[in-house]
Amino acid sequence: MGTDNQTWGTEFILLGLSKDWGTQVSLFAIFLVMYLATVLGNVLIVLLIRLDSRLHTPMYFFLTNLSIVDVSYATSIVPQLLVHLLSERKVIPYLSCAAQLFFSLGLGGIEFVLLAVMAFDRYVAVCDPLRYSAIMHGGLCARLAISSWVGGSINSLLHTIITFQLPTCTNKLIDHISCETLAVVRLACVDTSSNEVAIMVSSIVLLMTPFLLVLLSYIRIISTILKIQSSEGRRKAFHTCASHLTVVALCYGMAIFTYIQPRSSPSVLQEKLISLFYAVLTPMLNPMIYSVRNKEVKGAWQKLLEKFTGFTSKQST
C-alpha cells in the first residue's frame, strides 16, 4: 500500500454487520429494544438507589457509578449503530469517530476498574465486617470512584491521540460496527507494532491488574466463607457477592479474550460480535442481574411498588 496520501480525511465508512436490507431492519428492531431496556433499567437502578435510604451504602454507590458507565457506554455506540442500520451509506465524520473511540475505550476501562473496586468492597464486607464502616467511609469511596474515572479517561485519551496520529492512506473503510481501536489501527499504512504494544500495556494496567485484584479478593472471600460454621451464614455471605461475581464473569471474560494478544486477536466478525456484547448485551443485563439476584434491591423495588400501589389506590377512592 502506498503512502503518498497520508491523511485521515474528513470521514470514514463503517461496514457494519450486514449488507442485506431485511437483516439490517431486523437487527435495528432488536437493538432498539435492547438499548431502550438498557437505558430504562440503568436509570431505574440509579433512581431506586437515590430514593431508598437503605441502599445508601458503599456497594450501591459503586453500583450507581457502574450503571452510569453502562448507559453511557451503550449510548456512545448504539444510537450511531441504529442510524447506520437504516442508512444506505454508513458514514461517520472524523471527529465523531475520534470521540466515539475515546468514550467507548474510556468507559470500558472505567468499568473494569470499578469492578475491581467493588470486589474490594465485598472483600471488606465479608472478611472484615466489624470494621467495614470505618474502612469504606465516604471519603475513600469517593476517591476510589474518582480514580476509576480519571484512570480510564487518561488511558483513553492517550490511545485516541496515538491512534489518530498514525499515517493512513486513502482507505476510509472501517470493517467494524464502530470506531474501535483495533479496527481503526488497521487503516494505518505503516507498521503498527508500537500501537499493539500500547494496547498490550493498557490491557495489563486497566484489564489484567483489576482482574488479578478481583481474583485475589474472591480467593480471600471464598476462604472466609468456607470457615463460617453455619450453612445459613455461608449462604448469606455468598449472596452478598453473587451479583457482582456474575457481572465480573460477563465483563472480564470477553475483554481478556479480545485485547490481551492483539496479534492473535479474533476474526473481524468475532470482534464485531464482542463489541455488540459490550455495547448492547452487558449494559442491559447488569441492572437485571442486580435486581434479580440481590435481596436488598428486590426489597427496595417491592417497597417502592407498595408505595406506588398505595398512592394509586388512595387516589382511586
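Just so it is clear, the model here is predicted, and its values are computed rather than measured.
- Of the possible donor and acceptor atoms, one in the side chain of T282 sits under 3.5 Å from a partner among the backbone N and O of F277.
- In plain terms, the two heavy atoms of L85 and Q24 that are nearest each other are O-OE1, 3.1 Å.
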Under the side chain to side chain contact (heavy atoms under 4.5 Å, CB included) rule, what do Y35 and T75 come out as? Steps first, then yes or no, please. CA-CA 8 Å; Y35 176 66; T75 301; 2.9 Å; yes
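- L81 and V83 are assigned to two separate hydrophobic clusters, defined by single-linkage of ILVMFWY side chains at heavy-atom distances under 4.5 Å.
- More than 12 non-hydrogen atoms from other residues, nucleotides or ligands lie less than 6.0 angstrom from CZ of R234.
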Which atom pairs, donor and acceptor, lie under 3.5 Å between side-chain atoms of residues 102-121 and protein residues at least two apart or in another chain?
from: S104; atom 1: OG; to: Q100; atom 2: O; distance (Å): 2.7
from: S104; atom 1: OG; to: L101; atom 2: O; distance (Å): 3.3
from: D121; atom 1: OD1; to: Y132; atom 2: OH; distance (Å): 2.5

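- The number of heavy atoms from other shown groups lying within 6.0 Å of CZ (R50) does not exceed 12.
- In this structure a side-chain-to-backbone donor-acceptor pair under 3.5 Å is present from T64 to Y60.
- D128 contributes no side-chain N or O that, together with a main-chain N or O of V124, makes up a donor-acceptor pair within less than 3.5 Å.
- L216 and V247 fall into different hydrophobic clusters, where Ile, Leu, Val, Met, Phe, Trp and Tyr residues are linked whenever their side-chain heavy atoms come under 4.5 Å apart, directly or through other members.
- To the nearest 0.5 angstrom, S18 atom OG is 9.5 Å from K272 atom NZ.
- Counting only distance, with no hydrogens or angles, the side chain of H84 and the backbone of S87 share no donor-acceptor pair below 3.5 Å.
- Residues Y290 and M59 are in side-chain contact: their nearest non-hydrogen atoms beyond the backbone lie under 4.5 Å apart.
- Residues M284 and L40 share a single hydrophobic cluster, defined by chaining ILVMFWY side chains whose heavy atoms lie under 4.5 Å apart.
- Side chains of F28 and V33 form no contact here, defined as non-hydrogen atoms less than 4.5 Å apart.
- Nearest heavy-atom pair across F164 and V184 is CZ-CG1, 4.2 Å.
- In the hydrophobic clustering of this structure, L66 does not group with V150; members are Ile, Leu, Val, Met, Phe, Trp, Tyr whose side-chain heavy atoms approach within less than 4.5 Å, directly or through other members.
- Side chains of C241 and V126 form a contact here, defined as non-hydrogen atoms less than 4.5 Å apart.
- Y218 is linked by a ring-ring contact (aromatic ring centres under 6.0 Å, His included) to H244, counting only residues two or more places apart in sequence or in another chain.
- Taking all atoms of both residues into account, the shortest heavy-atom contact from V46 to S67 is CG2-CB, 3.8 Å.
- Inter-residue side-chain proximity for M136 and F61 is flagged as unmet; no heavy-atom pair is nearer than 4.5 Å.
- A donor-acceptor distance shorter than 3.5 angstrom exists from the side chain of Y278 to the backbone of C251, with no hydrogens or angles considered.
- Side-chain contact between F31 and L17 is present, with at least one heavy-atom pair separated by less than 4.5 Å.
- Distance check: L27 CG to L32 CG gives 12.0 Å after rounding to the nearest 0.5 Å.
- Here the CD-CG distance, from Q80 to L14, works out to 5.5 Å after rounding to the nearest 0.5 Å.
- Side chains of T38 and V280 form no contact here, defined as non-hydrogen atoms less than 4.5 Å apart.
- Without hydrogens or angle criteria, S148 side chain to L144 main chain gives a donor-acceptor distance under 3.5 Å.
- Listed here is the closest heavy atom pair of I45 and P287: CG1-CB, 3.6 Å.
- V69 and I146 fall into different hydrophobic clusters, defined by Ile, Leu, Val, Met, Phe, Trp and Tyr side-chain heavy atoms under 4.5 Å apart, directly or through other members.
- The structure places CG of N155 at 9.0 Å from OG1 of T160, a figure rounded to the nearest 0.5 Å.
- The closest donor-acceptor contact from the side chain of H176 to the backbone of L15 lies at 3.5 Å or more, if one exists at all.
- Contact record, P58 with C141: CB-SG, 3.5 Å, taken as the closest heavy-atom pair.
- Of all heavy-atom pairs spanning P283 and N42, the tightest one is O-ND2, 2.9 Å.
- A side-chain donor-acceptor contact under 3.5 Å links S76 to the backbone of Y73.
- Shown here is E88, whose CD atom has no more than 12 heavy atoms of other residues, nucleotides or ligands within 6.0 Å.
- The distance from atom CG of L281 to atom CG of N286, rounded to the nearest 0.5 Å, is 9.0 Å.
- With hydrogens and angles disregarded, a donor-acceptor distance shorter than 3.5 Å links the side chain of S72 to the backbone of I68.
- Rounded to the nearest 0.5 angstrom, L213 CG and M208 CE are separated by 10.5 Å.
- Annotation: side chain of E180 is in contact with side chain of L182 (closest heavy-atom distance under 4.5 Å).
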